Amino acid sequence: MYANFVSSIDGIVALEGGTAPSGGIISGRNEADRFVMGMLRAFADVVLVGAGTVRAEGGRALWTPEYIFPAAADGFRALRHTLKRDGEPRLVIVSARGELDPSHRALQAGALVLTTETSAVRLRRVLPGVTDVRAVSGTDRLDVHQILDLLEADGHHRILTEGGPRLFGQIVANDDIDELFLTVSPVLAGQKGDRSFGLVHGVDFGRAPKHGRLIGVRRHGSHLFLRYRWERPT
Ligand SMILES: NC(=O)c1ccc[n+]([C@@H]2O[C@H](COP(=O)([O-])OP(=O)(O)OC[C@H]3O[C@@H](n4cnc5c(N)ncnc54)[C@H](OP(=O)(O)O)[C@@H]3O)[C@@H](O)[C@H]2O)c1
């Protein structure tokens, strides 16, 4: 399980209470960052995102390598072929309320939506047939372990999560993260109340922060590309 985010110098990844397409704004649509996003997608069986991220990115977004960095589409395809992962990584969306726009391009292209029993009934009626809807929970919140078990059972072993911060917070809280690819963009975003927030939102590790290990540092212009690893507790 690996994650990819772009943050401001002051640690902000989400703007306007999580309704803005924040990644592109924070990175300045930086070319190198988009290439890294594409490459990380190209390695994945699955791209896992929360519904908040899907809503914020707008109806035209896709979570494919080619969409984010078209210039390297041939290279991404060749990489996937070498990795014996033909086709695009599967987009998996987690949602309790099931508030997803059926006309969203990513849903029209085909995705997997993991949701509650109540939302599943409604979503199956309104979402395009190419999108699979599965009820994972009877309650409001899906258990992250259950999501990962389900993906594993479907044969998906290499999972990229692009957040957002609420979903990522639960993954980190469960000690389910192996690596984080973090781009630090040379901007200060500022913060007032809850309008902008950081990489992990909705959980607080208090005096027991989750210690990672820095295993890679690269720079492109003023953008910094960091790679961290976490050991899973035994
Ligand atoms: N800078 C970056 O790299 C980056 C990356 C990703 C996202 N973002 C930004 O982050 C903001 C969105 O933040 P966010 O924290 O709201 O995003 P999020 O984690 O993608 O979305 C939260 C939503 O996901 C669903 N969800 C999460 N965990 C769930 C669970 N265990 N069970 C059921 N549903 C679950 C819920 O959807 P329902 O409300 O439908 O129930 C919840 O409201 C946007 O501005 C986006 O652009 C930035």
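Computed from a predicted structure; not experimentally measured. Counting starts at 1 for both ligands and their atoms, in listed order.
- Look at Arg41 and Glu162 and you find a salt bridge, because one of the NZ, NE, NH1 or NH2 atoms lies within 4.0 Å of a carboxylate O, short of that distance.
- When the side-chain hydrogen bond (donor to acceptor under 3.5 Å, both in side chains) test is applied to Asp86, the partners found at least two apart in sequence or on another chain are His81.
- No hydrogens or angles considered: a donor-acceptor pair under 3.5 Å links the side chains of Ser185 and His223.
- Considering only residues two or more places apart in sequence or on other chains, Ile177 meets the side-chain contact (heavy atoms from CB on, under 4.5 Å) condition with Met1, Ala3, Phe168, Ile171, Val172, Trp230.
- The contact shell of ligand 1, taken as protein residues with any non-hydrogen atom closer than 4.0 angstrom, comprises Phe5, Val6, Val13, Ala14, Gly18, Thr19, Ala20, Pro21, Ser22, Gly23, Gly50, Ala51, Gly52, Thr53, Arg55, Ala56, Glu57, Val94, Ser95, Ala96, Arg97, Gly98, Asp140, Arg141, Leu142, Glu162, Gly163, Gly164, Pro165, Arg166, Leu167, Gln170, Phe197.
- The side-chain contact (heavy atoms from CB on, under 4.5 Å) check on Arg60 picks up Arg105, with sequence neighbours excluded.
- Under the 4.5 Å side-chain heavy-atom criterion for grouping Ile, Leu, Val, Met, Phe, Trp and Tyr, Met37 is not connected to Leu15 through any hydrophobic cluster.
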